[in-house]
Amino acid sequence: MATKRLLKYSLLSTVGIGSFLAGSYYEKNNNSIVCKPCLPIFGTVSAAVPFTTSPQTTSSNASRISQIMKYGFPGMDHVRSFDDFVLSYDRKTRVAHWVFEHLTAENTKKNDGVDRALCDFKPDESIHSYFRSENSDYKRSGYDRGHLAAAGNHKGHQKHCDQTFYLSNMAPQVGVGFNRDSWNRLERYVRKLTNTYPNVYCCTGPLYLPKKEGDGKKYVRYEVIGEKNVAVPTHFFKVLVMETSDGHLEMESFVMPNQVIDNEVPLTSFQVPPESIERAAGLLFFDNVSRSKISKINGKKQ
DNA sequence: TTTTCTGT
């Protein structure tokens, strides 16, 4: 029995190590791509060194970043700021931990000059090649390159729309029935909130949730795709804070499984307490906000 | 309306 288990274990290790070694060999031949100084590297933000360290970070986008991040950073792992959104990258899964956006009626309004068709999905070369996802990882994987910060939220400037197409802002998502349907429905709902609230703060990210299997034990199990083993999240979350015109705050939070969802299922049925997402993701949302200032959570008065 | 992929 013990021998059998050992055999099984060593077999698994062999497979794991084999592909790991293949990966490192590949990487070593591609080291020249790392750390090119003049690529559009977006200001790196960390607790110790605030967002003024990158020569590319101008004072105007530094103030935009502090506006986007007004209510606090959910976590500080490999934070990267773009012109109109901020993300934290998870090197292990090759998918962001979270992305943060600040939406208003003004900045989500369609600008005639901005064309999504001009955008290309592109690897984010500011991330070390060991850890960055490539278009080839997604190709024929069966999954969409699903935006975390939605392209539709950044139609004010072509550059903003372009930046949402970096693969650091993508996650493998089920296409038909999820990304192109119910997840898109949720994204449109969030955009529409800017008609009601002057400011909407939106944090989006993946979850890898444990599930009880046949032996009664819980396991976190997720598929990985491509050479880089990009993780396929089991679920995605959105946590929103809306500022009302009279200075109150309201919060809404959603979790959707990364699977085909019937279009008739109402979005409210995906609402969950924000605490449950914080525990599952290892993040703290809107940490700068006293929860006593929040007048409603998921539509319920506090 | 917006979200994508197709061993062409």
Side-chain angles (χ1 to χ4, degrees), chain A residues 82 84-85 87 94-96 98-124 132-197 200 202-207 223-228 230-238 240 252 254-268 270:
Chain A
F82 295 80
D84 207 34
F85 67 100
L87 71 75
R94 295 81 157 101
V95 174
W98 53 261
V99 311
F100 230 99
E101 300 165 277
H102 164 240
L103 308 180
T104 62
E106 184 59 32
N107 70 17
T108 56
K109 199 171 65 186
K110 175 136 180 60
N111 181 329
D112 283 343
V114 180
D115 186 356
R116 182 193 166 104
L118 298 175
C119 301
D120 292 315
F121 292 96
K122 48 197 177 287
D124 183 344
R132 114 185 134 219
S133 61
E134 306 286 347
N135 281 314
S136 55
D137 294 321
Y138 285 87
K139 192 144 192 168
R140 276 169 271 128
S141 68
Y143 294 97
D144 278 8
R145 295 167 290 192
H147 284 68
L148 294 174
N153 293 348
H154 304 275
K155 289 179 296 194
H157 301 274
Q158 188 65 43
K159 191 181 174 196
H160 294 177
C161 186
D162 288 348
Q163 289 181 349
T164 69
F165 279 74
Y166 281 109
L167 294 183
S168 51
N169 181 45
M170 300 296 158
Q173 292 185 328
V174 168
V176 175
F178 184 78
N179 182 36
R180 307 176 198 187
D181 293 291
S182 285
W183 184 252
N184 183 31
R185 188 156 51 100
L186 178 57
E187 289 176 336
R188 280 180 292 152
Y189 167 76
V190 173
R191 268 197 292 282
K192 225 170 115 187
L193 289 173
T194 62
N195 296 333
T196 311
Y197 302 93
V200 176
C202 176
C203 184
T204 306
L207 291 171
E223 183 182 351
V224 293
I225 57 170
E227 284 282 326
K228 298 286 177 77
V230 181
V232 180
T234 63
H235 296 72
F236 291 91
F237 69 79
K238 275 191 190 287
L240 316 171
E252 287 191 46
F254 299 85
V255 170
M256 273 192 182
N258 188 14
Q259 54 189 240
V260 174
I261 294 169
D262 192 305
N263 282 320
E264 300 307 310
V265 181
L267 292 176
T268 50
F270 298 101

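Below, read A as the first sequence line, B as the second, and so on, with proteins coming before strands; counting in each chain starts at 1.
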(message) A side-chain contact here means heavy atoms from C-beta on lying under 4.5 Å apart; do A/Asn184 and A/Arg188 qualify?
(response) yes
(request) Measure from the ring center of A/Tyr138 to the ring center of A/Phe121 and say whether it is less than 6.0 Å. (result) no
Anything under 3.5 Å between a protein N or O and an N or O of nucleotides 1-3 of chain B, put it in a table, one pair a line.
from	atom 1	to	atom 2	distance (Å)
B/dT2	OP1	A/Lys155	NZ	2.9
B/dT2	O2	A/Asn184	ND2	2.9
B/dT3	OP1	A/Gly152	N	3.0
B/dT3	OP2	A/Arg116	NH1	2.3
B/dT3	O5'	A/Arg116	NH1	3.1

(request) Assign the ring pair A/Phe85 / A/His154 to parallel, tilted or perpendicular, where the plane angle (0 to 90°) is split at 30° and 60°. (result) tilted
(message) If I take atom CE in residue A/Met170 and atom C1' in nucleotide B/dC5, what distance separates them, rounded to the nearest angstrom?
(response) 14 Å
(request) Tell me what A/Tyr143 touches on the nucleic acid: a base, only sugar-phosphate, or nothing, going by heavy atoms under 4.0 Å. (result) sugar-phosphate
Contacts under 3.5 Å, N or O only, protein and nucleotides 6-8 of chain B:
from	atom 1	to	atom 2	distance (Å)
B/dT6	OP1	A/Arg140	N	3.4

(message) Does the plane of the ring in A/Phe82 sit parallel, tilted or perpendicular to the ring in A/Tyr166? Use 30° and 60° as the thresholds.
(response) tilted
(message) So, applying side-chain contact (heavy atoms from CB on, under 4.5 Å) with A/Pro172, which one of A/Ile225, A/Asn179, A/Asp144, A/Asp137 is it?
(response) A/Ile225
(request) Heavy atoms only: give me the nearest A/Leu87-A/Ser168 pair and the separation to one decimal. (result) CD2-O, 3.4 Å
(request) Search all heavy atoms of A/Asn258 against all heavy atoms of A/Gln173 and return the closest pair with its distance. (result) OD1-CA, 3.5 Å
(request) Could you list the residues that satisfy side-chain contact (heavy atoms from CB on, under 4.5 Å) with A/Ser182, not counting sequence neighbours? (result) A/Arg185, A/Met256, A/Ile261, A/Asn263
